[in-house]
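Here it is: the structure, laid out below.
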Amino acid sequence: MRQRQRYFVFNKPADYRRGWGDNLDCLGGRIRAADPGRPAVFWSRLLDSREKETVWHRLTMDSVSLGESSVRVALYCAESRTLPFRGAERDLDSLLRDPALTDEDRRQLSRPWLAKTALDPRDILLHELTGRYLWFRVELLPQGGQSPEVGDLKLRFPKDTWLKYLPEVYQLDPAGRSFTERFLGIFQSLYNDLDEDIRSVARRFDPDVVGGAYLEWLAGWLDVEDGYLWPEEKLRVLVRRGMELYRIRGSRRYVVEMVKLYTGREPWVVEHSQVEPFLTDTGRAALLRELYGESPYMVTMILDGSALESSDAYKALLRIIDNAKPAWVEVNLVVLTPYLFLDQYSYLGINSTLDRYRPLDLDGSSALPFTRLGGESERGIS
């Protein structure tokens, strides 16, 4: 009877917190050097296969390396979880996570059980690792102020090889068997990965699960243009509401909802139909045309200045609005500043206030506030 393969996965912060690290920064399911000026090290917890003499199968990981040796992995294997340490029998798992030990202490402690080392591995067979317990060390070596990254580590066990499907003659010679196993392992790994992708394909369509390029790809199915402009969590909400928003696409409400999703703030919208009745006033017509335009297809969208953190966010929002609006509509995006300027976008109670009168001290270090106005009556003068 075929033994079902099992695995250990490291793909979330809790997995890394159960081990020990030095100069380590964990972002989602990936680790990197917190200080890119020096190496980072991660030691896993003790992984128990629950079977003696377990032959381990395969290690896969998603890594972003900066060269041939920027990511170094060492794997250790043992049959017992206790060992003598400083004159007493100690539990190996507690020693690996002991904050009093340094990286060098752990290396010296684990040296007798070192079974395999690899540089920048992404997919390696572990058929030479035999033992119930396994643990590993990952070293990240930054270069040029940048750190390599490692994530989605997956350790499969026990050993599973297609050699068992071949005639027995291929299993007699140990030397030939080793080569044949490794040769078949190439195609077996491709087949298993493809089979796993097919089995888990439903997760590719869940906006609460997918991320990165897959999330942008899913957004493209809903005709969301320039998905790379959106922060991942906001894009996730956008995809989740995709069908709802698609029904109102091309409307004022759609543009407002897109701005609200990106900035977290609802904008004020001024359309030409709202301004047109006041254009008959010759005293205000020129100013209104300057502020809100004179084209019937001009829409002014006013946004609180605190909604955008940088000029890049402003440019991204302009692109999002351009993709969301009807082709014949021109949108003038106005970001308010918290000052009062005459004949500009100053709105009482929104980005400007009338405050109480305060005397001005001409001491060389004071300035007249932009946002405050005072009158004679406020000083008690009748």
Side-chain angles (χ1 to χ4, degrees), residues 8-27 29-49 54 56 58-122 124-126 128-155 157:
F8 291 101
V9 178
F10 291 74
N11 61 1
K12 54 183 181 296
D15 297 326
Y16 299 104
R17 285 196 293 267
R18 294 177 65 184
W20 178 88
D22 177 46
N23 187 34
L24 210 63
D25 189 14
C26 182
L27 296 175
R30 308 178 70 85
I31 54 174
R32 66 181 183 183
D35 176 8
R38 61 188 182 92
V41 176
F42 170 72
W43 284 85
S44 75
R45 67 187 188 277
L46 195 66
L47 307 177
D48 185 1
S49 69
T54 296
W56 297 77
R58 183 183 174 202
L59 167 66
T60 58
M61 66 172 65
D62 179 21
S63 65
V64 179
S65 64
L66 303 176
E68 294 184 356
S69 59
S70 63
V71 179
R72 299 177 181 177
V73 177
L75 297 113
Y76 306 86
C77 216
E79 283 291 351
S80 174
R81 65 177 297 149
T82 60
L83 75 163
F85 180 73
R86 296 176 181 174
E89 287 290 325
R90 292 285 303 276
D91 179 72
L92 182 56
D93 189 49
S94 63
L95 283 174
L96 289 173
R97 295 188 291 178
D98 188 347
L101 298 183
T102 65
D103 174 50
E104 185 58 31
D105 291 336
R106 289 173 173 79
R107 293 182 67 182
Q108 293 298 330
L109 178 70
S110 304
R111 191 180 302 276
W113 295 276
L114 178 62
K116 191 178 185 71
T117 60
L119 299 177
D120 295 306
R122 288 177 172 82
I124 53 176
L125 292 176
L126 306 177
E128 63 268 53
L129 274 67
T130 303
R132 173 174 173 173
Y133 301 99
L134 181 143
W135 65 103
F136 61 88
R137 174 184 183 267
V138 178
E139 183 176 12
L140 306 175
L141 301 175
Q143 298 178 17
Q146 293 184 327
S147 172
E149 295 184 6
V150 168
D152 294 326
L153 286 90
K154 194 169 189 177
L155 283 149
F157 67 98

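Just the heavy atoms: all of them, side chains too, but no hydrogens, waters or symmetry mates, feed the values below. Worth saying up front: this structure is predicted, and the values here are computed from it rather than measured.
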Practice task
State, to 0.1 Å, how close Gly29 and Tyr16 come at their nearest heavy-atom pair, and which atoms those are.
Solution key: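 Residues Gly29 and Tyr16, closest heavy atoms: O-OH, 3.2 Å.
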
Problem - Smallest separation among heavy atoms of Pro142 and Pro39, with atom names - result: CD-CA, 3.8 Å

Problem - Phe136 vs Phe10, ring-ring contact (aromatic ring centres under 6.0 Å, His included): CA-CA, chis, key distance, verdict - result: CA-CA 12 Å; Phe136 61 88; Phe10 291 74; 5.2 Å; yes

Practice task
Under the side chain to side chain contact (heavy atoms under 4.5 Å, CB included) rule, what do Leu109 and Tyr76 come out as? Steps first, then yes or no, please.
Solution key: CA-CA 11 Å; Leu109 178 70; Tyr76 306 86; over 6 Å; no

Practice task
Kindly indicate whether the side chain of Leu83, heavy atoms from C-beta on, has any atom under 4.5 Å from the side chain of Leu95.
Solution key: yes

Practice task
Look up atom CG in Leu75 and atom CG in Leu114, then write down how far apart they are to the nearest 0.5 Å.
Solution key: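 Leu75 atom CG to Leu114 atom CG measures 8.5 Å (nearest 0.5 Å).
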
Exercise for the section: Find the distance between CD (Glu139) and OG (Ser69) and round it off to the nearest 0.5 Å. Expected result: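 One gets 9.5 Å once the value is rounded to the nearest 0.5 Å.
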
Problem - Any side-chain heavy-atom pair of Leu96 and Arg45 under 4.5 Å - result: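 No, too far: nothing below the 4.5 Å cut-off.
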
Fill in the blank from the handout: dist Leu92:CG -> Arg81:CZ (nearest 0.5 Å) comes out at 7.5 Å

Practice task
Using modelled atom types only, decide if a donor and an acceptor are shared between the side chain of Arg137 and the backbone of Ala74 within a distance under 3.5 Å.
Solution key: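 Not a single qualifying donor-acceptor pair exists.
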
Exercise for the section: Could you tell me whether the side chain of Asp105 and the main chain of Thr102 form a donor-acceptor pair under 3.5 Å? Expected result: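 Looks like yes, one N/O pair under 3.5 Å.
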
Problem - Atom of Val150, atom of Ser63 and distance for their closest heavy-atom approach - result: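 In terms of heavy atoms, the two residues are closest at CG2-CB, 4.0 Å.
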
Practice task
Supply the atom-to-atom distance Asn23 CG to Asp35 CG, rounded to the nearest 0.5 angstrom.
Solution key: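 Nearest 0.5 Å value for the CG-CG distance: 5.0 Å.
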
Exercise for the section: Using a cut-off of 6.0 Å, state whether more than 12 heavy atoms not belonging to Arg122 lie near its atom CZ. Expected result: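 Enclosed: over 12 neighbouring heavy atoms sit under 6.0 Å from CZ of Arg122.
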
Practice task
Would you mind reporting whether Cys77 and Thr130 have side-chain heavy atoms less than 4.5 Å apart?
Solution key: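 When only atoms from C-beta onward are counted, Cys77 and Thr130 do not touch, as no gap falls below 4.5 Å.
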
Handout entry: Any side-chain donor near an acceptor of the partner, Trp43 and Asp22, under 3.5 Å
Key =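 Not at all, the side chains of Trp43 and Asp22 share no donor-acceptor pair under 3.5 Å.
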
Handout entry: Donor-acceptor pair, side chain of Ser49 and main chain of Arg132, under 3.5 angstrom
Key = yes

Exercise for the section: Run the salt-bridge test on Asp15 and Lys12 with the 4.0 Å N-O cut-off and return the result as yes or no. Expected result: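 Salt bridge between Asp15 and Lys12, a charged N being under 4.0 Å from a carboxylate O: yes.
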
Handout entry: Gln146 atom CD, over 12 foreign heavy atoms within 6.0 Å
Key = no

Problem - Close side-chain approach of Leu59 to Lys116, heavy-atom, < 4.5 Å - result: no

Exercise for the section: Could you give me the CA-CA distance, side-chain angles and deciding distance for Trp20 and Leu101, then say whether side chain to side chain contact (heavy atoms under 4.5 Å, CB included) is met? Expected result: CA-CA 10 Å; Trp20 178 88; Leu101 298 183; over 6 Å; no

Practice task
Write down the atom of Pro121, the atom of Val73, and the distance for their closest heavy-atom approach.
Solution key: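 Looks like CG-CG2, 3.6 Å.
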
Handout entry: Pairwise distance OG(Ser65) to CG(Leu141) - rounded to 0.5 angstrom
Key = 11.0 Å

Problem - 4.5 Å side-chain heavy-atom contact, Phe8 and Leu134 - result: no

Problem - Of Asp152, Asp62, Asp25, Asn11, the residue whose pairing with Arg30 passes side-chain hydrogen bond (donor to acceptor under 3.5 Å, both in side chains) - result: Asp62

Handout entry: Pro148 versus Ser70, closest heavy-atom pair with distance
Key = CG-O, 3.5 Å

Problem - Test item: Asp93 and Asp48 side chains (from C-beta on) under 4.5 Å apart, heavy atoms - result: no

Exercise for the section: Return the minimal non-hydrogen interatomic distance between Ala78 and Trp113, and the atom names on each side. Expected result: CB-CD1, 3.4 Å

Practice task
Flag the pair Val41 / Arg106 as yes when at least one side-chain heavy-atom distance between them is below 4.5 Å, and no otherwise.
Solution key: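 Sidechains of Arg106 and Val41: no contact.
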
Exercise for the section: Hey, can you tell me if Phe157 and Trp56 have their rings parallel, tilted or perpendicular (30° and 60° cut-offs)? Expected result: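 Aromatic pair Phe157/Trp56 classed tilted.
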
Problem - Close side-chain approach of Arg90 and Asp98, heavy atoms under 4.5 Å - result: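 SC-SC contact between Arg90 and Asp98 confirmed.
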
Problem - Distance, nearest 0.5 Å, that separates CD1 of Ile124 from CG of Leu129 - result: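 CG of Leu129 is found 8.5 Å from CD1 of Ile124.
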
